[in-house]
Structures are given as C-alpha cells and as structure tokens.
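Some notes on the structure that comes next.
Chain A is the first sequence line, chain B the second, and so forth, proteins listed ahead of strands; every chain is numbered from 1.
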There are 2 protein chains.
Amino acid sequence: MSGNEKNTEKLILDAARNIFIEKGFDGARMQEIADTAGINKALLHYYYRSKDQLFEAVFRESFNTFSPRIFEIMSSPIELSQKIRLFIDSYIDIILENPHIPAFVLHELNRNPGRIKDLMPFTGQTAGGLLSALSQEIKSAGYVEISAQQLMINMIGLCIFPFIGRPIIQPILFGNDDNRFDEFIQSRKTEVTKFILNALTKK
Amino acid sequence: MSGNEKNTEKLILDAARNIFIEKGFDGARMQEIADTAGINKALLHYYYRSKDQLFEAVFRESFNTFSPRIFEIMSSPIELSQKIRLFIDSYIDIILENPHIPAFVLHELNRNPGRIKDLMPFTGQTAGGLLSALSQEIKSAGYVEISAQQLMINMIGLCIFPFIGRPIIQPILFGNDDNRFDEFIQSRKTEVTKFILNALTKK
DNA sequence: TTTCGGTTTAACCACGTGGTTAATTTATAA
DNA sequence: TTATAAATTAACCACGTGGTTAAACCGAAA
C-alpha cells in the first residue's frame, strides 16, 4: 500500500477530465488520456467501455458543477436582494475553482443540444413555479419591471461570460496581463452585484 | 453561364463555414465539407492547401463578424447613452443573423488562445485610449462609479450569452419552445438597453 | 504451493483521417 | 482543329483512431 495507492478508476476519471475539458470530445484522444493517467489504453475500456461512456462520466460531473444552484437559492425564503447577492457570490466562487468548465459544458451542449434532456433534474414545471414566484418578488420588492427570465439570464451571463471570453478579453482589455485579469475577476463579485441591484432599482 | 455558375472557391468556403461552425475544427471532416459543396475532396486541397488553411479562412471571416464594432461606436462623437443604445441594438442584430458564430469563435479561441494575436486589428494602446476616454465619459455623464472594462464586459456579455447558452436556456426557461425563445431574444434589445442604462443611473 | 479472480499489458485490427497523384475533362486561345 | 493550361476527378497512401484480445501479472484464499 504505497503512497500512490489511488484506485485506478479515479485516476482515469481525473485524466479524462483534464483532457476532455482542455480539448473537447472531438479533440481528445484515448491514448493521451491513458498517458496522462499513466496506464495502458486498454484499461480505459476495461473500466469505461467506450470513449462515449468515459466522456459521459466526465460531462455529467462538469454539468453538475456548472449548473448553478440558482434554483435552490432562488427558492430559499430570504429577501430577493439577498438572494441575488448570495447567488452572484457563490456562483462566481464556484467558477473560479473550475474556470474552464463553462466553456466546456456550453460547447458540448451546442455540439449536441439533445443531451440536455438526460441532465435536467427539474421539470419545466418546477422551473415555471420558481419563475412565477420570482416574478412576484420582483413586483413586491418595488423593483423595475423585468421578467424573471430576463433577470436570471442577466445574472448568469454576467457571472459566466468573463470566463468564456477570457482569450479575447484579456489581450484586448488587459494587455494580456494575467494579474490584471485576475484582479478584474476578483472585483467582479461586488461589481456585478452592485450593477444588478442598481439596475433593478427605480429612480 | 448557367444559373448555378458560382465560382468553386466560394462554394467551398460556404460549405466549410457551415461544417466548421456546426462541428468545430476537430469535429469537421474534409470529406463532409466536400460533399456539402458537391465537389471532389481533392479540390479542397487544390484551392486551400490544408484543413488548417481552409479553417483559417473561415475563422477569420467569423471573427470579423463576431468582433463587435464596439470600438468604432464607442469612439464616435455622440452622447454615451446613445452609444450604449446603438451598440446593444446593432450588436444583437448582427448576432441574430449569425447566431452560432459566438459559440464557434469563443470555442476555437479557447482551444487555441494564441490565435488571437494574429487577429487583433487594434493594438493594446488604441484600446487603452478608448478605455480612458470611456472612463471620462462615465464620470462626466454623472453615472455610477464603474470601470470602463467592467461596463464593456457587461454590455457584450449581456448581448452574447443568450446565444451561447441557448441549449440550456431554452429547455429550462421556455419549455424547449422555439417561439418563446425567439420572443425572448427579440425583447432583449430593449430590455438589455433599459437594464444597463438604469444600472448606470444614480438614484 | 496451488489455484483463481480481478487487473494490467503488449500486440493487434479494421477503419476513417488528411493529404497526394496521375490521369481526365473542360475551357481558352492560336 | 489543335495546343495549352486550368479545373476536376478516381484511386491511392501512410498514419492515427477507437476498440479488442489473449496472455501475463498479482494478491488472497485453499
């Protein structure tokens, strides 16, 4: 039982996650995943039967990380402004720990939009319920008139976009300086929250 | 000179654009591009020497469509609020005509971030100039305190995100109904403009 | 020590890939 | 009509791909 005693299945999944997220399904090679995991290629098929199934495992995991707990937070019994603060804060934190996941998940979903059906934990109905509830809260909070959908997309988009757009944002706006980009992201949590809450406030 | 007299090079580029944008570089097959164009595969290499060069042609074109004319608009001598209205309006219009381009460009840029260097028409300096000018305008307009970078990213992100995120947005928020999603996008132009301008306004 | 199941590997396979080539067709001009 | 170059094609090639297989390895129970 030496130190590197790590079960092989996990070893494979870790390697596959790195490769798939970096190169996407089409760009990933089973050989490279095996090399990264430090094992023989046949072992990939021993534990996961095919490239598709290995990818499936990685993608589900990534999707669950990516899929915001927005519905949990949004249905909790706290004030709307607090929900918004809470969501922005925790969602940006999550993405900061896995900055490449949004681009990965969204690309694979665009490549195969039908896949979403297998992944949705909540029905359209539960979503509908939350939306109408949110819609009520917007009104009773005395906020600006805005549909629940528009607000949700704004919140999520403002959190995610900087990460997906980094390869174009950083060179143009920050002279390709990693530090300046990181500072930018750091300040985003408070900036986005301020921006949204102010956008919702009647003048 | 019959009706379908279309020069072959253009025929190839059209087919390549469709395939590359739908499947990405790694997922695209030269044979499928040839079939789509209705020509022999060897012709692809006759006009464009390699898959890379054919892709390069498609990507440059897409990037120029995608790359917002934000710097033109932002440096024109009109009031800031008008610039914002103008940008949101025209940018969403452009993307509506090519709804798959943002996901395509951003994915390929994430796959190969170095590529951006070959594509930037403006130096970091010109961008810097525009940013400080914009920063001044924000102040003199009496708007809320916000950095030029944060504002620009918010504007662009709010325009683009619904298109990149469609495969997840439509099923969850609109019961996978094409019409409801299209209505949502249509109302976005006014909604996003209102949202941003209000977010910038002090109480 | 032997046996036996789960692990791991080297070697292999059929097939699809991007790319090439030599020949054929087509248009053009003399 | 004929000569010439450009456009187009069928056939081909080397190689990388996902996947398989049979044998070897290894720890534990008998």
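- Look at A/Y46 and you won't find any side-chain N or O under 4.0 angstrom from OP1 or OP2 of C/dT9.
- In this structure, B/L44 atom CG and D/dT9 atom C1' are separated by 13 Å, rounded to whole Å.
- Side-chain atoms of B/V144 and B/I138, non-hydrogen and from C-beta on, never get closer than 4.5 Å to each other.
- Across all strands shown, A/Y48 has no heavy atoms under 4.0 Å from either base or sugar-phosphate atoms.
- Rounded to an integer number of Å, the gap from A/E32 CD to D/dT17 P is 9 Å.
- The interatomic distance linking B/M30 (CE) with C/dT20 (C1') rounds to 12 Å, in whole Å.
- No side-chain heavy atom of A/F59 sits under 4.5 Å from any side-chain heavy atom of A/F66.
- In this structure, B/I12 places its CD1 atom 14 Å from P of C/dG19, rounding to the nearest Å.
- Of the candidate nucleotides D/dT8, C/dT7, C/dT9, D/dT8 has the atom lying nearest to any side-chain atom of B/T8.
- The side chain of A/L43 has C/dT8 as its nearest neighbour among C/dG18, D/dG18, C/dT8.
- The nearest whole Å value for the distance from the CG atom in A/D26 to the C1' atom in D/dT17 is 13 Å.
- The side-chain heavy atoms of B/N110 and A/R166, taken from C-beta on, include no pair separated by under 4.5 Å.
- Taking the six-membered ring for Trp and thresholds of 30 and 60 degrees, A/F20 and A/F25 have nearly parallel ring planes, at less than 30 degrees apart.
- One finds no side-chain N or O of A/R29 lying less than 4.0 angstrom from the OP1 or OP2 phosphate oxygen of D/dG16.
- Set against C/dT7, D/dA10, D/dG19, the side chain of B/N40 has D/dA10 as its closest nucleotide.
- In this structure, the nucleotide among C/dA10, D/dA10, D/dG19 sitting nearest to the side chain of B/A42 is D/dA10.
- Summarising the geometry, the separation between CD on A/Q31 and P on C/dC12 is reported as 16 Å, rounded to the nearest angstrom.
- Rounded to an integer number of Å, the gap from B/N7 CG to D/dA6 P is 17 Å.
- In terms of polar N and O atoms assigned as donor or acceptor, the side chain of A/K51 never comes within less than 3.5 Å of the base of D/dG19 in a complementary pairing.
- When the shell of 6.0 Å around NE2 of B/H45 is examined, it contains more than 12 heavy atoms from other residues, nucleotides or ligands.
- Atom NZ in A/K41 sits roughly 14 Å away from atom P in C/dC12 (whole-Å rounding).
- The residue A/A28 sits close only to the backbone: its heavy atoms come under 4.0 Å of sugar-phosphate atoms, none of a base.
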